Novice: 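Questions regarding the structure given below will be posed in turn.
Here is the naming used below: chain letters follow the sequence lines, and residue numbers restart at 1 for every chain. All of these numbers come straight from a predicted model, not from anything done at the bench.
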There are 2 protein chains.
Amino acid sequence: MNYLTLYKAEKAKLLEAEQLRMAEYAAKGLKLDMSRGKPSKEQLDISSSLYMELDPKYGFAGKQDYRNYGLNDGIPEIKKLFAELVGVEEDEIIVAYNASLNLMYDAVQRAMQFGIAGEQPWNRQGNIKWICPVPGYDRHFSVTELFGIEMINVPMLADGPDMDKVEELIKDPGVKGMWNVPKYSNPTGVIYSDVVVDRLAKMRPAAKDFMLMWDNAYMVHALYGQEEQANIMDLAKKYGNEDMIYGFGSTSKITFAGAGVSFIYSSKKNIAAIKKFMNIQSIGPDKLSQLAHYRYLKSVAGIYELMEKHAELLRPKFEAVAEVLEEELGGTGIATWTKPTGGYFISVDLYEGTAKRTVELARQMGVVFTGAGATYPYKRDPKDSNVRIAPSLPPISELIEATKIFATAAKIAYLEKQI
Amino acid sequence: MNYLTLYKAEKAKLLEAEQLRMAEYAAKGLKLDMSRGKPSKEQLDISSSLYMELDPKYGFAGKQDYRNYGLNDGIPEIKKLFAELVGVEEDEIIVAYNASLNLMYDAVQRAMQFGIAGEQPWNRQGNIKWICPVPGYDRHFSVTELFGIEMINVPMLADGPDMDKVEELIKDPGVKGMWNVPKYSNPTGVIYSDVVVDRLAKMRPAAKDFMLMWDNAYMVHALYGQEEQANIMDLAKKYGNEDMIYGFGSTSKITFAGAGVSFIYSSKKNIAAIKKFMNIQSIGPDKLSQLAHYRYLKSVAGIYELMEKHAELLRPKFEAVAEVLEEELGGTGIATWTKPTGGYFISVDLYEGTAKRTVELARQMGVVFTGAGATYPYKRDPKDSNVRIAPSLPPISELIEATKIFATAAKIAYLEKQI
């Protein structure tokens with residue numbers, strides 16, 4: 001039933017029915033959390049034995065004793081493994097502590113404070129701007145906001161960011177960077193097409209100190225088997241443009257969200273420069289976590305195998321949400337949503353002006369969603385339409401209930417405005 | 001034999017003898033490293049089983065599942081433990097990743113970029129200065145140097161930094177901070193006296209955004225039983241001055257130098273402010289490392305017990321070095337050295353103008369010492385006299401040989417200049 005074409009009286013009747021439903025849900029006293037892309041207990045259980053790889057009987061030495069100081073850019077074995085995974089050389093990667101977000105923060109902080117690519121520190125360059133494909137990842141936006149960087153929205157299309165807009169924006173030398181989650185993008189699940197990756201790799205921004213932030217957070221997080229994507233570093237090297245690329249990844253959603261291993265990859269020149277800073281900043285990363293991870297993951301094939309186990313747990317959850325959304329909102333005309341083949345999110349676009357109210361109504365029924373607007377810079381969704389659904393954590397029964405509640409909320413939010 | 005009062009001919013004869021000895025050492029082709037305060041294999045072996053505490057049979061949950069996101073300021077159990085260890089409340093501490101140096105770097109970086117105590121960012125305040133007790137810790141000096149902060153030497157006396165000088169310097173509003181290793185200071189082994197701690201705690205620097213960096217790196221690293229020291233936070237609170245204190249510590253030399261757990265402690269107000277930044281900077285620390293540490297260390301008593309095992313391994317090493325130094329350089333008048341009761345270093349003051357040459361001669365005999373000057377800001381020891389000896393890593397037999405080589409080098413360096 002298309003809600004948009006109903007008569008007012010029909011809408012009023014529908015609203016009444018949905019409000020009744022809401023009262024029933026509210027009475028249940030539910031407490032469900034769909035707000036963050038957290039792995040479920042079952043997913044975490046997959047790798048529970050990881051630290052048993054540090055049984056003293058296996059020893060702690062590779063190139064040196066990993067319990068001691070040294071090797072500030074990570075242990076060689078895991079550098080080699082992740083270099084192979086992302087398709088770079090071993091001197092184009094640093095393996096660090098558990099949070100890739102911190103690597104991104106540090107990259108921006110160094111550019112602000114010390115400058116990059118031989119240019120002045122951004123702190124001394126006046127107004128710094130940044131390209132943000134939207135909807136996008138809230139924690140990316142928080143970092144650039146913290147540093148007072150002006151964020152410019154660019155629409156995320158089905159094959160990646162609107163490249164015509166991006167190519168126009170980079171003519172401004174004040175535009176210094178761009179956030180990207182190139183595969184199973186957060187929250188849309190979009191996979192940047194090879195054409196988009198190529199256009200990004202060959203960009204010639206007016207700013208010589210432009211950072212193309214390539215947060216490969218979900219590079220192997222496929223739901224239906226691994227999918228290929230053009231390698232940004234290969235292409236950038238072809239165009240002599242590799243100094244522009246700052247790649248990131250982690251095992252947060254491969255092993256443990258709270259205790260993984262992260263890495264940054266870039267040109268040899270950039271990695272050498274970053275190492276110099278890191279040698280002053282820290283005595284080095286936790287090498288025993290890296291050793292445990294290396295022994296547990298073993299190889300790129302080992303990682304793919306592990307991700308298939310995650311996919312088995314995640315697939316039914318994504319499919320359950322999709323089914324309920326279709327059942328409840330299909331054909332209503334008041335919502336569209338993504339059908340991702342990987343990643344951690346389903347992105348829903350509701351009727352303009354109803355996202356905030358939908359999230360609030362859902363909250364009243366006991367289900368927490370990511371705050372409406374969170375997927376936009378400054379938490380300002382200009383259409384107040386986007387909501388991110390994170391299906392990974394709750395069990396399927398809860399997920400179905402939470403999605404029904406979401407649909408009820410979305411319908412009420414739309415209908416209320418029409419009456 | 002007092003070298004200073006010898007006749008020239010006697011000096012020439014002695015030099016010849018030492019040069020012969022040098023040739024013998026050089027012929028041995030030794031390769032010894034006395035440069036860094038690294039724990040020995042035997043010390044690392046003490047805690048080898050630490051990660052077995054993460055056997056899945058024990059579970060991973062406390063307040064929540066520690067394998068998942070959340071608890072950005074550390075798991076409650078270990079916050080409680082370290083809070084008790086340093087004598088603060090649980091909301092006055094954050095337990096983080098493995099490197100306390102990184103916590104210090106971040107603290108300085110935030111002050112530079114964002115400002116602290118409601119003042120302008122240091123980046124916008126012109127020339128920023130910093131008090132550096134010397135000799136001191138090279139990695140501290142590297143951090144302030146990186147940010148372009150002007151470092152001012154203050155002599156380290158037997159009971160701590162020269163407080164008369166410190167109290168004079170803080171009248172300058174450009175002086176924004178001070179490095180301290182208050183217990184078993186690096187490299188002198190000095191324990192700040194309670195009087196000095198009190199004078200520091202009640203300072204009223206002209207700069208409202210002054211950071212008293214309190215790097216408690218060796219707080220429990222006693223060689224002859226735990227020694228008491230006045231608690232800086234208690235005193236600062238008494239004077240209403242706790243916002244000035246930034247305390248740090250880690251288990252780098254309790255469990256694993258390459259895989260410990262670190263913490264920062266300060267006033268409630270500062271810790272709350274730092275948490276806000278950390279929530280943007282990172283998805284949180286490695287909580288499984290924290291959990292393993294908590295289960296392994298158990299209590300403050302457990303930490304003291306563990307440190308006694310380290311002391312048993314370290315004591316004979318410190319004593320062996322002290323014995324050789326006394327044997328070789330005692331009464332020569334060309335060297336004085338510290339007799340620390342804890343920490344990781346022995347600090348030697350050689351005859352003025354001979355430290356660089358001594359380190360170079362030792363290198364030629366196959367022993368690497370920390371570069372002369374490294375214990376001073378900008379690696380400039382104005383007297384070219386201080387050398388830091390790190391006795392922890394090598395076995396005793398090597399240690400004895402390396403110290404003899406050091407003495408030979410010191411004698412040659414002195415005698416060469418006299419002929």
Side-chain angles (χ1 to χ4, degrees), chain A residues 36-41 44-45 47-56 60 65-71 97-102 105-106 109 112-114 121 123-124 139 142-143 145-147 252 255-260 277 279-292 393, chain B residues 36-41 44-45 47-56 60 65-71 97-102 105-106 109 112-114 121 123-124 139 142-143 145-147 252 255-260 277 279-292 393:
Chain A
R36 303 287 336 168
K38 284 186 175 180
S40 65
K41 184 180 179 306
L44 297 167
D45 282 343
S47 301
S48 264
S49 69
L50 187 143
Y51 283 100
M52 295 303 97
E53 304 287 348
L54 296 180
D55 191 318
F60 299 94
D65 191 328
Y66 294 154
R67 296 169 302 182
N68 221 325
Y69 291 120
L71 297 171
Y97 29 74
N98 67 315
S100 60
L101 186 67
N102 207 337
Y105 174 96
D106 281 346
Q109 174 260 313
M112 295 295 298
Q113 185 74 37
F114 307 110
N123 274 329
R124 291 192 219 139
R139 285 182 173 275
S142 297
V143 168
E145 184 176 3
L146 179 67
F147 286 99
S252 285
T255 58
F256 300 126
F277 281 99
N279 283 339
I280 292 173
Q281 180 179 357
S282 170
I283 49 98
D286 184 331
K287 294 193 292 295
L288 292 188
S289 171
Q290 295 188 356
L291 180 62
L393 187 64
Chain B
R36 302 288 334 168
K38 284 184 175 182
S40 65
K41 185 182 177 305
L44 298 167
D45 282 344
S47 302
S48 264
S49 68
L50 188 142
Y51 283 100
M52 294 305 96
E53 304 286 348
L54 297 179
D55 190 317
F60 300 93
D65 191 328
Y66 295 154
R67 298 170 299 181
N68 220 327
Y69 291 120
L71 297 171
Y97 31 74
N98 66 314
S100 60
L101 187 67
N102 208 335
Y105 174 96
D106 281 346
Q109 173 260 311
M112 296 294 299
Q113 184 74 39
F114 307 111
N123 274 329
R124 290 190 219 141
R139 284 181 173 277
S142 297
V143 168
E145 184 175 4
L146 179 68
F147 286 100
S252 285
T255 58
F256 300 127
F277 281 99
N279 283 339
I280 292 173
Q281 180 178 357
S282 169
I283 50 96
D286 185 329
K287 294 192 294 292
L288 292 188
S289 171
Q290 296 188 356
L291 180 62
L393 187 65

Novice: For each of B/Y69, B/F114, B/F60, B/F147, tally heavy-atom pairs with chain A at distances under 4.5 Å, and name the one with the top tally.
Specialist: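 Ranked by heavy-atom pairs under 4.5 Å with chain A, first place is B/Y69.
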
Novice: B/V143, B/D106, B/T255, B/L54: which one forms the most heavy-atom pairs within less than 4.5 Å of chain A?
Specialist: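 Heavy-atom pair counts peak at B/L54.
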
Novice: Select, from B/D45, B/D65, B/L50, the one with the greatest count of heavy-atom pairs under 4.5 Å involving chain A.
Specialist: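 Heavy-atom pair counts peak at B/D45.
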
Novice: What is the distance from atom CZ of B/R124 to atom CD of B/Q113, rounded to the nearest 0.5 Å?
Specialist: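 Spacing of CZ (B/R124) from CD (B/Q113) equals 8.5 Å.
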
Novice: Could you walk me through whether A/N68 and B/L393 pass the side chain to side chain contact (heavy atoms under 4.5 Å, CB included) test, one step at a time?
Specialist: CA-CA 10 Å; A/N68 221 325; B/L393 187 65; 4.1 Å; yes

Novice: Non-hydrogen atoms of chain B under 4.5 Å away: do they reach the side chain of A/Y105, the backbone, both or neither?
Specialist: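 Contact with chain B: side chain only.
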
Novice: Can you check whether B/L71 reaches B/Q290 side chain to side chain, under 4.5 Å on heavy atoms?
Specialist: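 Not touching, per the 4.5 Å side-chain cut-off.
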
Novice: Which one, A/D286, A/I283, A/N123, A/N279, leads in non-hydrogen pairs under 4.5 Å with chain B?
Specialist: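 The answer is A/D286.
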
Novice: Looking only at heavy atoms and a cut-off of under 4.5 Å, which of B/Q109, B/R139, B/K287 has the most pairs with chain A?
Specialist: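 Looking at each option in turn, the highest pair count goes to B/Q109.
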
Novice: Using non-hydrogen atoms only, which part of A/D55 is less than 4.5 Å away from chain B: side chain, backbone, both, or neither?
Specialist: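 Contact with chain B is through both the backbone and side chain of A/D55.
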
Novice: Going by atom types alone, do B/R67 and A/S48 pair a side-chain donor with an acceptor below 3.5 Å?
Specialist: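 Per modelled atom types, B/R67 and A/S48 side chains form a pair under 3.5 Å.
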
Novice: Hey, which of B/Y66, B/Y97, B/Y51, B/F277 has the most heavy atom pairs under 4.5 Å with chain A?
Specialist: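 The candidate making the most pairs under 4.5 Å is B/Y51.
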
Novice: Please rank A/A259, A/A257, A/G284 by heavy-atom pairs under 4.5 Å with chain B and give me the top one.
Specialist: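 Max contact count across the listed options: A/A257.
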
Novice: Non-hydrogen atoms of chain B under 4.5 Å away: do they reach the side chain of A/S142, the backbone, both or neither?
Specialist: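 Answer is both: backbone and side chain atoms of A/S142 are under 4.5 Å from chain B.
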
Novice: Checking A/P121 against chain B: side chain, backbone, both or neither under 4.5 Å from a heavy atom?
Specialist: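 For A/P121, no heavy atom lies under 4.5 Å from chain B.
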
Novice: Looking at every non-hydrogen atom in both residues, tell me the closest pair between A/S252 and A/P39 and how far apart they are.
Specialist: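 Closest approach of A/S252 to A/P39, heavy atoms only: O-CG, 4.3 Å.
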
Novice: So, taking the atom named OG in B/S100 and the one named CG in B/N98, what distance separates them when rounded to the nearest 0.5 Å?
Specialist: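 Spacing of OG (B/S100) from CG (B/N98) equals 9.0 Å.
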
